[in-house]
2 protein chains.
Amino acid sequence: MSHDNHKELVTSVKANMPDADTLFELADFFKVFGDSTRIRIMCALFERELSVCCIADIVGMEQSTVSHQLRVLRQENLVKVRREGKQSYYSLEDEHIKLIFEMGLEHILE
Amino acid sequence: MSHDNHKELVTSVKANMPDADTLFELADFFKVFGDSTRIRIMCALFERELSVCCIADIVGMEQSTVSHQLRVLRQENLVKVRREGKQSYYSLEDEHIKLIFEMGLEHILE
DNA sequence: TTAAAATATGAACGGTTGTTCATATGTTCA
DNA sequence: TGAACATATGAACAACCGTTCATATTTTAA
C-alpha cells in the first residue's frame, strides 16, 4: 500500500495544494463549461448581447432550456442581464471566458 | 417569438460561430475539469509525477476511484503514465492545464 | 383592463456520471 | 512457482444534471 518515501511525499504535496474548498469551487466553475448548450450560448455572446429568443434560435433549443441554462451562467457570474421592454438581453460578464475558451480550443486541436 | 431584426441577427451570429462539432468537443474537454476529485488529482500533479497510491492518499479516496479518474484524464490527453516496477507514475501532459487553472482561480476569487 | 409576447420557473423523466466493491491483471522477490 | 503489492477494470447503485412540458410572471400596447 506504500513504497519508500510514500508518506513524506503525500504530506509535502498536500501542504502545497490549495485548500479543498477552493478546489471544490473551481470544479463547480468549470462544470459550467462542461455542457455543449452552455458553451454554445457563451460562444454566441462573444459576438454581442442577445435576447433569450435569439439565443434559443441560434443554438436551436427550446426557450425554456435556454432560460434554465442562462440561470446557471448567471449564478456563476458568467453573464449578466439587462431588461429592455419585453426582452431580457444577456451579455458576458467576464473577460476570462474568452481566454479559457481559446486555451481549450488550442488543446483539442492538438 | 421574434422582434425587429431577429432573423438577421440569428443568421449572422451563427455564421461567425465555430461549428457545433468543435464546441461539442470543447464541452467534453471542460467536463473533465468539472469534478473536484479530478481537479485535486491534477493539482497534486502540478508538483511532480506521482504513483496511483500516492495520489489516492493525497486526495483521500479509494485507489479504485483514482484509477478510474486517471483513465478519464488519460483519455483526454491531460496526463501520461510511466510504469516503473509495480507502480504507475502519472504526470501532466499539457501546459495549458496550469493556465486554465489559474484563470479559473482568478475568476472565483472575483 | 385584457390580450399577446417574452421570459422565468417548477415538476418530472431519462440519461449520465462518480463511487464502491469485488476481482482481474501485472510485477517483483523469495 | 507462489505470495504480496500495485494498478486496472467491470458491474451496480445512487446522485446529479439537462431537457421538456406546462404554467406563472412581467411588460407592452390596444
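Reminder, nothing fancy here: chain letters follow the sequence lines and each chain counts from 1. Fair warning: this is a prediction, and the values are worked out from it, not measured in the lab.
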Pair up each side-chain donor or acceptor in residues 22-29 of chain A with any protein partner under 3.5 Å, not counting sequence neighbours, and list the distances.
residue: A:Thr22; atom: OG1; partner: A:Asp19; partner atom: OD1; Å: 2.8
residue: A:Thr22; atom: OG1; partner: A:Asp19; partner atom: OD2; Å: 3.4
residue: A:Asp28; atom: OD1; partner: A:Lys31; partner atom: NZ; Å: 3.2

From [atom1] of [X] over to [atom2] of [N], roughly how many Å is that when rounded to an integer?
X       : N      : atom1 : atom2 : answer
B:Tyr89 : D:dC5  : OH    : P     : 16 Å
B:Asp28 : D:dG18 : CG    : P     : 13 Å
B:Ile41 : D:dT7  : CD1   : C1'   : 14 Å

Taking only residues two or more places apart in sequence or in another chain, which ones pass side-chain hydrogen bond (donor to acceptor under 3.5 Å, both in side chains) with [X]?
X       : result
A:Gln69 : A:Arg38
A:Gln63 : A:Ser67
A:Glu49 : A:Arg82

Under the ring pair (Phe, Tyr, Trp, His ring centres under 6.0 Å) test, residues paired with [X] that sit two or more places apart:
X       : value
A:His96 : none
B:Phe30 : A:Phe33
A:Phe46 : A:Phe101

Worksheet, complete the sentence: So the salt bridge (charged side-chain N to carboxylate O under 4.0 Å, His left out) pairs with at least one residue in residues 61-76 of chain A (sequence neighbours excluded) are none
Just the atom pairs and distances: protein N or O near nucleotides 26-30 of chain C's N or O, under 3.5 Å.
none

Discussion item. Tell me which residues in residues 29-39 of chain B lie within less than 4.0 Å of DNA chain C, going by non-hydrogen atoms.
Written reply: B:Lys31, B:Asp35, B:Thr37, B:Arg38
Worksheet item: Do any of residues 59-77 of chain B sit with a heavy atom less than 4.0 Å from DNA chain C, and if so which?
Response: B:Met61, B:Glu62, B:Ser64, B:Thr65, B:His68, B:Gln69
Worksheet item: Can you list every ring-ring contact (aromatic ring centres under 6.0 Å, His included) pair that touches residues 51-76 of chain A, not counting sequence neighbours?
Response: none
Worksheet item: With no hydrogens and no angle check, is any side-chain donor or acceptor of B:Ser88 less than 3.5 Å from a backbone partner on B:Glu84?
Response: no
